[in-house]
Asker: 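Below is one structure. I have some questions about it.
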Amino acid sequence: MMESVGVYGLCGCAAKSKVKCDSRWEIPASETAPTSAYSSPARSLGDTGITPLSPSHIVNDADPNVSEQQTFLVVVAIDFGTTSSGYAYSFTKEPECIHVMRRWEGGDPGVSNQKTPTTILLTPERKFHSFGYAARDFYHDLDPNEAKQWLYLEKFKMKLHTTGDLNMDTDLTAANGKKVQALEIFAYALQYFREQALKELSDQAGSEFENSDVRWVITVPAIWKQPAKQFMRQAAYQAGLASPENAEQLIIALEPEAASIYCRKLRLHQMIELSSKAAVNGYSSGDAVGAGFAQAKEHIRRNRQSRTFLVENVIGEIWSELEEGDKYVVVDSGGGTVDLTVHQIRLPEGHLKELYKATGGPYGSLGVDYEFEKLLCKIFGEDFIEQFKIKRPAAWVDLMIAFESRKRAAAPDRTNPLNITLPFSFIDYYKKFRGHSVEHALRKSNVDFVKWSSQGMLRMSPDAMNALFKPTIDSIIEHLRDLFQKPEVSTVKFLFLVGGFAEAPLLQQAVQAAFGDKCRIIIPQDVGLTILKGAVLFGLDPAVIKVRRSPLTYGVGVLNRYVEGKHPPEKLLVKDGTRWCTDVFDKFISADQSVALGELVKRSYTPAKPSQLVIIINIYSSEHDDVSFITDPGVKKCGTLRLDLTGTSGAAVPARREIQTLMQFGDTEIKATAVDIATSKSVKVGIDFLNY
């Protein structure tokens with residue numbers, strides 16, 4: 001019978017040099033007699049004694065494996081957004097040309113359709129039917145009774161941010177109230193983009209394009225927790241973009257980082273400056289929000305037929321003003337979340353260093369939709385709105401589409417009212433439900449700024465529309481104010497406002513009013529495509545991001561010498577006459593610590609019992625950096641390294657075997673390895689947040 005061991009260590013040997021531990025450090029595996037009834041994860045598993053030989057922190061700017069990356073013919077980036085999604089690509093031989101995907105079928109009046117809505121439709125048998133405008137329009141045209149059988153999902157990406165215990169079995173709820181596995185939906189959506197992109201590439205190349213020719217990049221918010229980032233990777237594997245064996249074919253890029261990479265390339269004619277600090281392109285800050293953005297939109301409209309963007313292989317004028325150590329903030333405001341990231345320039349190559357851990361929250365443009373829904377509940381009653389969404393799901397989608405196009409027309413200086421068409425089935429169902437008319441409900445509701453128009457529309461005053469934006473914009477401004485209070489952020493030179501919600505003049509004005517005197521505020525012209533284009537550039541050169549902040553503290557459970565008064569009595573374990581403290585969290589890296597791309601942290605252990613044949617190393621993580629024990633609140637197991645040494649005993653194996661544990665940080669994924677130095681036997685594992 002093989003004996004297995006968990007990771008335990010003793011901090012008595014924490015010297016940097018290779019120190020051989022003498023025999024009194026060794027703990028025979030057979031003598032595990034807990035002296036306390038306290039339930040320790042280590043004791044309950046029967047794990048005992050691996051001792052450290054030499055904890056050491058080794059920084060490798062370039063891990064040898066990083067340079068041996070396979071070459072791809074094309075980079076395809078997918079911007080999987082909360083409200084809208086799209087893809088763009090660039091051939092590695094022509095990196096200066098970024099092609100945005102083919103024009104989508106369908107579209108809404110007043111809404112640019114270089115992306116498609118993040119909506120998906122499954123048949124009553126739960127098979128994939130359609131995505132985007134096609135899904136929405138087909139669902140809308142179904143007979144109301146038939147529609148109840150179909151599974152229609154929209155804005156489902158937020159579930160990954162809001163679910164505390166996200167795992168492979170997490171559910172989503174379709175418009176008809178039926179549950180469906182989230183992993184399945186995300187995989188269907190990514191598979192759709194994969195097929196669309198490969199078809200477009202094949203048509204363009206005139207021959208079949210293989211998936212193996214493509215490096216895929218998927219963007220995610222920087223504030224997403226690790227399980228959500230891993231979930232996206234799992235969905236991509238299921239969709240056939242890459243595989244665990246060929247993981248480097250897929251890069252998970254952080255949205256503000258992608259935006260930052262694109263902003264480096266901006267030329268003066270490709271952006272609008274809002275701040276009062278300086279005039280650009282002949283605009284003063286006063287007319288920049290209105291005229292500047294109107295002109296930019298017209299410029300984009302004229303160029304919409306051309307889907308190829310030239311990215312000059314130069315550093316843009318704005319960027320060339322930045323010097324070594326200069327800082328800037330990227331505010332990525334999308335449909336679901338707002339991400340704030342602070343970067344610093346490292347010369348001569350202009351590499352980016354993440355200076356402050358990404359912050360933000362659920363303050364995307366969806367917040368405005370929720371406020372509109374609250375307003376409808378106030379006028380028509382929450383009970384009616386809930387019933388209407390269930391009984392007439394397609395009509396509810398119609399109503400929100402009508403609101404979306406009016407929402408985009410909101411502006412600080414608007415004076416005329418905004419009309420929102422109510423679907424006929426809303427008016428009809430309300431009369432059946434309440435016994436009186438929609439007009440009667442509006443008169444009774446005491447909501448002064450929303451009136452009924454005889455054409456079957458809700459007439460909202462501009463102030464009423466602006467009030468719907470206020471809570472979300474206030475949250476963004478408050479979050480930015482908090483960020484600017486931080487000492488490392490006080491001397492920021494630029495603020496780049498990107499993402500779909502950045503197109504909203506109300507948000508632009510609020511950011512300008514609050515921060516225009518602190519730094520220069522820059523908006524790329526095609527602000528909704530900034531992340532997509534930056535993600536392509538990131539896929540072409542992933543090494544451009546050199547330093548990130550670790551979102552979590554990582555470590556392993558170890559055994560230390562028991563110190564009276566320092567260690568809690570319930571952690572005491574007496575072995576062979578020596579007193580040990582169990583469950584100590586041996587830290588590899590702390591939350592918010594700077595981590596270079598490819599950085600390795602190395603620890604060396606030795607089995608306590610020479611005859612041990614299986615070594616088990618458990619890896620733990622926590623959002624806090626002041627972790628003492630693996631039993632502390634918030635500490636989660638996120639990986640296990642199981643090294644099987646069967647058949648390796650022999651004369652060549654030293655009595656005190658060295659087992660090296662390495663963790664590689666810096667990418668959005670973290671990899672751990674255990675190596676038996678004597679035999680070079682090794683085992684690798686990706687840190688896993690979904691299956692523990």
Side-chain angles (χ1 to χ4, degrees), residues 79 81-82 161 217-226 228-229 251-266 318-319 322 325-346 350-364 475-502 507 511 515 518-524 527 530-535 537-538 542 544-552 591-597 665-668:
D79 179 3
T82 305
H161 181 65
V217 182
I218 299 174
T219 61
V220 301
I223 53 163
W224 267 14
K225 292 193 163 41
Q226 295 300 101
K229 293 173 186 171
I251 296 174
I252 301 290
L254 306 182
E255 287 165 5
E257 285 187 351
S260 186
I261 292 162
Y262 179 66
C263 289
R264 303 173 62 175
K265 305 277 190 183
L266 283 178
I318 284 283
W319 210 265
L322 290 170
D326 276 352
K327 305 164 195 171
Y328 61 93
V329 180
V330 177
V331 180
D332 169 21
S333 45
T337 52
V338 167
D339 257 353
L340 313 178
T341 311
V342 186
H343 281 152
Q344 189 173 33
I345 302 295
R346 294 174 70 186
H351 286 142
L352 311 181
K353 172 182 177 179
E354 187 183 2
L355 196 65
Y356 187 74
K357 193 167 67 174
T359 59
Y363 318 129
S475 295
I476 295 170
I477 298 298
E478 188 184 338
H479 217 89
L480 268 168
R481 281 196 212 284
D482 288 348
L483 185 68
F484 273 86
Q485 299 295 309
K486 306 274 185 281
E488 55 268 72
V489 185
S490 56
T491 54
V492 160
K493 264 200 177 175
F494 293 102
L495 185 154
F496 291 101
L497 193 56
V498 302
F501 195 29
L507 176 60
V511 172
F515 306 103
K518 292 186 174 63
C519 58
R520 292 170 65 184
I521 297 163
I522 307 289
I523 304 183
V527 65
T530 304
I531 290 158
L532 194 47
K533 293 193 230 172
L537 294 171
F538 186 40
V544 67
I545 302 284
K546 278 295 190 208
V547 179
R548 281 210 178 99
R549 296 267 162 178
S550 174
L552 297 171
D592 209 23
Q593 190 174 328
S594 287
V595 189
L597 187 73
F665 296 89
D667 195 359
T668 40

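Please read all numbers here as calculations on a predicted model, not as lab measurements. In this chain, residues are counted from 1 in sequence order.
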Asker: List in chain and number order the residues that pass side chain to side chain contact (heavy atoms under 4.5 Å, CB included) with Ala535, two or more places apart in sequence or in another chain; answer none if no residue qualifies.
Answerer: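 Ala535 satisfies side chain to side chain contact (heavy atoms under 4.5 Å, CB included) with Ala77, Val217, Thr219, Ala258 only.
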
Asker: For Leu483 and Val329, what are the C-alpha separation, side-chain angles and deciding distance, and is it a side chain to side chain contact (heavy atoms under 4.5 Å, CB included)?
Answerer: CA-CA 10 Å; Leu483 185 68; Val329 180; 4.0 Å; yes

Asker: Holding to side-chain hydrogen bond (donor to acceptor under 3.5 Å, both in side chains), I want the full list of residues that pass it with Asp332, two or more places apart in sequence or in another chain.
Answerer: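 side-chain hydrogen bond (donor to acceptor under 3.5 Å, both in side chains) check on Asp332 returns nothing, list empty.
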
Asker: For Gly335 and Thr82, work out which heavy atoms get closest and say how close.
Answerer: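 What the structure gives for the nearest pair is C-CB, 4.0 Å.
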
Asker: If you compare all heavy atoms of Pro256 against all heavy atoms of Thr341, which two are closest, and at what distance to 0.1 Å?
Answerer: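 Looking at all heavy atoms of both residues, the closest pair is CG-OG1, 3.0 Å.
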
Asker: If you measure from CD1 on Ile521 to CG on Leu495, what distance do you get to the nearest 0.5 Å?
Answerer: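 Spacing of CD1 (Ile521) from CG (Leu495) equals 5.5 Å.
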
Asker: Do His161 and Pro221 have side chains that get closer than 4.5 Å, going by heavy atoms?
Answerer: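 They are not in contact (no side-chain heavy atoms under 4.5 Å apart), so the answer is no.
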
Asker: Measuring from atom OG of Ser260 to atom CD1 of Ile531, what distance do you get when rounded to the nearest 0.5 angstrom?
Answerer: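 Between Ser260 OG and Ile531 CD1, I get 11.0 Å after rounding to 0.5 Å.
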
Asker: Looking at Ser333 and Val498, would you say the former's side chain and the latter's main chain have a donor-acceptor pair under 3.5 Å?
Answerer: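 Flag set: sc Ser333 to bb Val498 pair under 3.5 Å.
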
Asker: Who passes side-chain hydrogen bond (donor to acceptor under 3.5 Å, both in side chains) against Thr337, sequence neighbours left out?
Answerer: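 Thr337 satisfies side-chain hydrogen bond (donor to acceptor under 3.5 Å, both in side chains) with no other residue.
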
Asker: For the residue pair Phe494 and Cys263, establish whether any side-chain heavy-atom pair is separated by less than 4.5 Å.
Answerer: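 Side-chain contact under 4.5 Å: no.
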
Asker: Could you tell me which non-hydrogen atom of Ala502 sits nearest to which non-hydrogen atom of Ile523, and how far apart they are?
Answerer: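 Closest pair (atom of Ala502, atom of Ile523, distance): O-CD1, 4.5 Å.
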
Asker: Hey, could you give me the CZ/CG distance between Arg548 and Leu254, rounded to the nearest 0.5 Å?
Answerer: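 It is 4.5 Å, given to the nearest 0.5 Å.
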
Asker: Any chance you could measure Leu537, atom CG, to Leu532, atom CG, to the nearest 0.5 Å?
Answerer: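 If we round to the nearest 0.5 Å, Leu537:CG and Leu532:CG are 10.5 Å apart.
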
Asker: CD1 of Ile261 to NE2 of His343: how many Å apart, nearest 0.5 Å?
Answerer: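 It comes to 8.0 Å.
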
Asker: Under the side-chain hydrogen bond (donor to acceptor under 3.5 Å, both in side chains) test, which residues partner Thr491, sequence neighbours left out?
Answerer: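 For Thr491, the residues satisfying side-chain hydrogen bond (donor to acceptor under 3.5 Å, both in side chains) (neighbours in sequence not counted) are Lys327.
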
Asker: Hey, could you give me the OH/CG distance between Tyr363 and Leu480, rounded to the nearest 0.5 Å?
Answerer: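 That separation rounds to 11.0 Å.
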
Asker: Describe, in one word, how the ring planes of Phe496 and Tyr328 are oriented to each other, choosing from parallel (under 30°), tilted (30 to 60°) and perpendicular (over 60°).
Answerer: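 The arrangement is perpendicular - the two ring planes meet at more than 60°.
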
Asker: Mind checking salt bridge (Lys or Arg N to Asp or Glu O under 4.0 Å) for Asp326 and listing every partner two or more places apart, or none if nothing turns up?
Answerer: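 With sequence neighbours excluded, Asp326 shows a salt bridge (Lys or Arg N to Asp or Glu O under 4.0 Å) to Lys493, given in chain and number order.
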
Asker: What are the two closest non-hydrogen atoms of Ala253 and Phe538, and how far apart are they?
Answerer: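 Closest approach of Ala253 to Phe538, heavy atoms only: CB-CD2, 3.4 Å.
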
Asker: Does a side-chain heavy-atom distance below 4.5 Å link Gln226 with Leu552?
Answerer: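 The answer is yes; the side chains approach within 4.5 Å.
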
